[in-house]
Amino acid sequence: MIAGDGDKGSDTGRHFLKQWIAEDVAAGRTGGTVVTRFPPEPNGYIHIGHAKAICIDFGMAREFGGRCNLRMDDTNPSKESDEYAESIKKDIRWLGFDWGEGFYSAANLFEQMYEIAERLIEGGHAYVCELTQEQWKEYRGAPTSPGRESPFRNRSAAESLDLFRRMRAGEFADGTLCLRAKIDMASPNIHFRDPVLYRIMRVPHYHTGDKWCIYPMYDFAHPIEDAFEGVTHSMCTLEFEVHRPLYDWVVDRMDEMGLLVVRNGVKIRPQQREFARLNLSYTVMSKRKLLQLVEERRVSGWDDPRMPTVCGLRRRGYTPEAIRDFCERIGVSKYESQTDVALLEYCLRDDLNRRALRRMAVLDPIKVVIDNWPADKVENVAALNNPEDPDAGTRLVPFGRELFIEREDFMEVPSKKFFRVTPGQEVRLRAACLFTCTHVVKDAEGRAVEVHGTYDPDSKGGNAADGRKIKGTIHWVSAAHAVPLEVRLYDRLFTVPDPMGDDTKDFLEFLNEDSLRKITAHAEPALAEAATGQIFQFERVGYFCADTVDSRPGAPVFNRTVTLKDSWAKVGNKQ
RNA sequence: UGCCUCAUGGUGUAACGGUAGCACAGCAGUCUCUGGAACUGCUUGUUUAGGUUCGAAUCCUAAUGAGGCAACCA
């Protein structure tokens, strides 16, 4: 029943939201069901920050055996669309969460919200105000000084009701009149100084079309939506903290009107709590900045594999499992932290290492000629598809006299502890045999163009007959069988951990010029027919995903999802 | 010259008046047909000043620092 029942009621080690919900469950305040909600406004694509909120909202419901609604918080039609709403649904499903029957929209409640507004007017809790926005600025006061009451504040309820109905009927121009709550113009919390409840806005709504020309504000709509849905725990980000008293004020009014849901004899009073939003190093998270990147064509679109959007991460090759694991590991608190993107990358590698099939591809080739291998002879060698997963089986990879290996796997004059190809040093050609470099052929400029050597005929499969240990193993592809692969090498979008952290510089100044490099790699034949979206580990290089937009069977395009950890790079750089 | 939050290693989080722990990152090593993975070890922390207490990261006060609040946005 209650999560945590087994641990003697101890709340130790659980974050503050879990403890909060556990207390309410124990006190019987949920009517037997914890109900949460994820309430996006469908005005853009969701990103990894939303993924954190989704994991919290859906995760808490799951953990406490309750449910989580998906609700489009579509009270401002000016930037909203079905396209966004659909993308949000798709992304949440992809992340692995399901709202079941619990799909809602603020728009479906417009009529009820309107009725509540009328009753608020009748009860003396709201009035129609005719102050212009400019005038209101003066009346409202500043955070440090109290405001003044609107001259329309004490007009009769009948007069306000009449004006409000005429607002709905479309008798007034946009922005002229508005409905205000009558609360406290002297409150230190600005949100209590007669906040706007309804504004006039002749913008067609993507769902209700032209039916309405007045729309409720977030502060009015949100608690109503929560209350009608029987939401018990309404979790949001820190910037809404100062809105909480207003949220409670609306819930109080609904309570007075007898509008709160009763579940199993318990009146459900929705409660709001706030947590810190996710900040990730080397990226930006604000919708506005992301939009700017798209509009200024700094990236190819919302789903550019460098974007922190869910669709971008998906296209890059991120898995839902990795993202969920990440969201679990970062925890939940009220501290405005910046999480190291290295943790996200760790979660990804951890997931992919277990599941991704191995393939060989050479990104920056140099030719190898095995002088004691007959020119026409081709052998198919069996290579493990995934050493982490015995069930993944093996595949056959063609091997011949001429191969490609990575240019960086060859050094004519080796540095210390270089275990790869260098004259006189034996290495293992992954899954094939042992090879010793004998000499190098260079071009006119002295650049190595061909590495020559011999193989040990008694080492077929990769092990020496006498059992001698070989330090280095490298990947390769047969030159005669290699297929060209367009590979997009993605790197971090920004060059600094906090692109927004310098007040004297625009974040665009920190854009990483090398965040995308396109190359043609040489790959083993099996990669040519990769299905789009499929993720492989290119051995010793990294994880790569067949691009869902541009890749075709026979004309593959791969995105580098993330590199493998490369501890040699550190050693090599020190020398 | 207001109100509301927050502050634990490099990063993120736990410890709820009684041994400051975990993960990532970093460093060193073992192992290995991926210089991957796995395994072992190490470095590094309670913002400051008072107070309460036998005992404070934890409670109180103040200071400092960070963030939020003055859309007819959400």
For [X], which contact category applies under a 4.0 Å heavy-atom criterion: base, sugar-phosphate, or nothing?
X         : answer
Val541(A) : nothing
Arg358(A) : base
Phe419(A) : base
Arg430(A) : base
Arg420(A) : base
Gln537(A) : base

Distance in angstrom units between [X] [atom1] and [N] [atom2], rounded:
X         : N       : atom1 : atom2 : answer
His15(A)  : rA15(B) : NE2   : C1'   : 16 Å
Phe326(A) : rA23(B) : CZ    : C1'   : 12 Å
Glu274(A) : rC6(B)  : CD    : P     : 10 Å
Phe16(A)  : rU13(B) : CZ    : P     : 11 Å
Phe544(A) : rG36(B) : CZ    : P     : 17 Å
Tyr346(A) : rA23(B) : OH    : P     : 9 Å
Asp566(A) : rG35(B) : CG    : C1'   : 7 Å
Asp184(A) : rC3(B)  : CG    : C1'   : 13 Å

Could you measure between the two [atom1] atoms, the one in [N] and the one in [M], and give it in whole Å?
N       : M       : atom1 : value
rC60(B) : rA66(B) : C1'   : 23 Å
rC22(B) : rG45(B) : C1'   : 14 Å
rA7(B)  : rU61(B) : P     : 15 Å
rU46(B) : rA57(B) : P     : 11 Å
rC72(B) : rU11(B) : P     : 38 Å
rA62(B) : rA23(B) : C1'   : 35 Å
rU30(B) : rC6(B)  : C1'   : 44 Å
rG12(B) : rU8(B)  : P     : 8 Å

Handout entry: Base-contact (B) and sugar-phosphate-only (S) positions in nucleotides 67-74 of chain B, heavy-atom cut-off under 4.0 Å, - elsewhere
Key = SBSBSBSB

Is [X] salt-bridged to [Y], cutoff N-O under 4.0 Å?
X         : Y         : answer
Glu524(A) : Arg395(A) : yes
Glu379(A) : Lys460(A) : yes
Arg153(A) : Asp194(A) : yes
Arg37(A)  : Glu229(A) : no
Lys471(A) : Glu426(A) : no
Glu345(A) : Arg492(A) : yes
Arg165(A) : Glu171(A) : no

Handout entry: Which nucleotide in rU32(B), rU34(B), rG35(B) has an atom nearest any side-chain atom of Lys469(A)
Key =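 Nearest to the side-chain atoms of Lys469(A), counting from C-beta on, is rU32(B).
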
Problem - Side chain of Thr144(A) (C-beta onward), nearest among rA37(B), rU13(B), rG2(B) - result: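 That would be rG2(B).
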
Problem - Neighbour count >12 (heavy atoms, 6.0 Å) for atom CZ, Arg277(A) - result: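 Incorrect, the count does not exceed 12.
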
Practice task
Please check if atom NZ in Lys334(A) has more than 12 non-hydrogen atoms from other residues, nucleotides or ligands closer than 6.0 Å.
Solution key: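 Yes.
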
Handout entry: Syn-anti status, with the boundary at 90° from 0, for the nucleotide rA71(B)
Key =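 Here rA71(B) takes the syn form, which means its glycosidic angle is within 90° of 0.
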
Problem - Base-paired stems in RNA chain B, each at least three Watson-Crick or G-U pairs under 3.5 Å - result: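 Looking at RNA chain B, the stems formed by three or more consecutive pairs are B:2-7 with B:64-69, B:10-13 with B:21-24, B:26-30 with B:38-42, B:47-51 with B:59-63.
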
Problem - Most 5' of Ala342(A) and Gln338(A) on RNA chain B, judged by nearest nucleotide - result: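 Nearest-nucleotide comparison on RNA chain B picks Gln338(A).
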
Is the phosphate of [N], meaning OP1 or OP2, less than 4.0 Å from a side-chain N or O of [X]?
X         : N       : result
Ser333(A) : rG12(B) : no
Lys565(A) : rU34(B) : no
Thr339(A) : rC24(B) : no

Problem - Arg273(A) to Phe16(A), cation-pi by 6.0 Å centre distance and 45° axis angle - result: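 No, Arg273(A) does not sit over the ring of Phe16(A).
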
Handout entry: No-hydrogen, no-angle side-chain donor-acceptor test under 3.5 Å, Tyr45(A) and Asp91(A)
Key =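 Per modelled atom types, Tyr45(A) and Asp91(A) side chains form no pair under 3.5 Å.
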
Problem - Check: Phe399(A) ring centroid to Trp476(A) ring centroid under 6.0 Å - result: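 Phe399(A) vs Trp476(A): aromatic centres under 6.0 Å.
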
